[in-house]
Protein chains: 2
Amino acid sequence: MPVPPAAEPAKTGPSRREQILAAAAELFARHGFHGVGIDDIGSAVGISGPALYRHFRSKDAMLGEMLTSISEELLDGGLARISSATGAQEALGDLVRFHVDFALDNPSLITVQERNLGNLTDPDRRKVRALQRRYVEAWVEVIRDAVPAIPEPTARAAAHAVFGLINSTPHSRHLDRDQMADLLTAMALTALVHTPVS
Amino acid sequence: MPVPPAAEPAKTGPSRREQILAAAAELFARHGFHGVGIDDIGSAVGISGPALYRHFRSKDAMLGEMLTSISEELLDGGLARISSATGAQEALGDLVRFHVDFALDNPSLITVQERNLGNLTDPDRRKVRALQRRYVEAWVEVIRDAVPAIPEPTARAAAHAVFGLINSTPHSRHLDRDQMADLLTAMALTALVHTPVS
DNA sequence: GCGAACGGTTAGCGGTCGCTAACCGCCCTG
DNA sequence: CAGGGCGGTTAGCGACCGCTAACCGTTCGC
């Protein structure tokens, strides 16, 4: 019975592409890139299978666009926080809070970025890695400004550790959103600023 | 040309099963469970494809055994550290150091446990989750003993955050092993013990 | 010294997956 | 009101994947 889907009432919320990316992110986060089929993504947005190819060139392109845009958003947001801050301490606080908010509000995107970088095509991976490197670099500079005598490799390792701490978010959910944000921000800043030796 | 493989010279290192599990863990960590084929695992240990079924009932069984044994090892090691410690502070320090050492010495196992829990069969996942829950419970008790007025849900969330911090290890590698261990241990303990409010 | 068990091999089956082809109805524009 | 583009549909192709079948050489206990 070929019932035409009777085009839903205007509403014009997020575009089809964005809908698809959100659904795919959710699925990739839960089952892994190769554990999700084209048909799974399609039916998650109410269309079926190959219709996705009206919006994306391939499944790889979906992952690529997903990870590229999240990396750009993190980098842009991070740089904005840094340049609007007045001192190194404030910059570090803003950076942490920004990352915490992003992770809490986009848990599946964060999960996908953490787990599925290796499933990108080579050109996409290069692009995403470049963006990530710039983001880490920004963190490292701020940390070195805020923490007196910390060596550069230590600052880099500490930055990665703090990313791990903050990004652990999607796997817990024992506190409500704002308590969680406060806890993660406090723990991250404490670990960065008050850890001896460093 | 059916050349018989000429059985390598005794040597009797790790058993075949262990070899296979180690190779599979490495591959699962890098490409994801569904991104790795039976033939990939086989050729990583020098045999080819279906020979794996002389050692494991299925690909799922490999993942199941991998995650079960790592969860048991963590739980057993954690409980041992707790019961051999004299006070709450010491127990927490030992627990952190134990987890840090484990993560640094078994990066791909840690990665697989973090990322591929969802690819387990239902019975395996139940078993692994039960073991993990007991491990987290042990941490929560120690944290509540060591940190005066911390509420239980906060302690739980903080434990997960610290796991994230420590398990971020495989993705960095800017310091040598021992410096990394010291840094992660110090950051984790600082975050747990010196974060205000908590 | 024989036979079973062990741990390999290759061939191939059935199912799934990414993607293309071919088609179609709706809506907008000239 | 013709026609093109947009965003859907189903059918199906070719490749790959997990796993089994059938076979075989080596080793070891009796």
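In the text below, chain A, chain B and the rest are named by the order of the sequence lines, each starting its count at 1. These values consider heavy atoms only, across backbone and side chains, with no hydrogens, waters or symmetry-generated copies.
When rounded to the nearest whole Å, the span between CZ of A:Phe28 and P of C:dC17 equals 13 Å. The separation between A:Asn119 atom CG and C:dG18 atom C1' is 15 Å, rounded to whole Å. Taking atom CZ of residue A:Arg17 and atom C1' of nucleotide D:dC6, one finds them 14 Å apart after rounding to whole Å.
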**Request:** Would you please test B:Asn106 and B:Ile70 for side chain to side chain contact (heavy atoms under 4.5 Å, CB included) and show each step?
**Result:** CA-CA 10 Å; B:Asn106 305 275; B:Ile70 168 188; over 6 Å; no
Taking distance alone, no hydrogens or angles, what donor-acceptor pairs closer than 3.5 Å link side-chain atoms of residues 76-88 of chain B to residues at least two apart or in another chain?
residue : atom : partner : partner atom : Å
B:Arg81 : NH1  : B:Gly77 : O            : 3.3
B:Ser83 : OG   : B:Leu79 : O            : 3.3
B:Ser83 : OG   : B:Ala80 : O            : 3.3
B:Ser84 : OG   : B:Ala80 : O            : 3.4
B:Ser84 : OG   : B:Arg81 : O            : 3.3
B:Thr86 : OG1  : B:Glu90 : OE1          : 2.9

Anything under 3.5 Å between a donor and an acceptor, one on a side chain of residues 19-29 of chain A, the other on a protein residue two or more places apart or in another chain? List them.
residue : atom : partner : partner atom : Å
A:Glu26 : OE2  : A:Arg30 : NH2          : 2.9

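Taken residue by residue, residues 50-68 of chain A places heavy atoms nearer than 4.0 Å to DNA chain C at A:Pro50, A:Tyr53, A:Arg54, A:Ser58, A:Lys59. A heavy atom lying under 4.0 Å from DNA chain C marks the following residues of residues 33-42 of chain A, by number: A:Val36, A:Gly37, A:Ile38.
Residues that satisfy the side chain to side chain donor-acceptor pair (under 3.5 Å) test with A:Thr121, not counting sequence neighbours, are A:Asp124. For A:His34, the ring-ring contact (aromatic ring centres under 6.0 Å, His included) test picks out no residue, with sequence neighbours left out. Remark: B:Asp145 pairs with no residue by the side chain to side chain donor-acceptor pair (under 3.5 Å) rule, at least two apart or across chains.
A side-chain hydrogen bond (donor to acceptor under 3.5 Å, both in side chains) check over residues 43-54 of chain A, counting only residues at least two apart or in different chains, returns nothing. For residues 158-175 of chain B, the set of pairs meeting the side-chain hydrogen bond (donor to acceptor under 3.5 Å, both in side chains) definition, not counting sequence neighbours, is empty.
For C:dC6, the OP1/OP2 oxygens have no side-chain nitrogen or oxygen of B:Arg16 closer than 4.0 Å.
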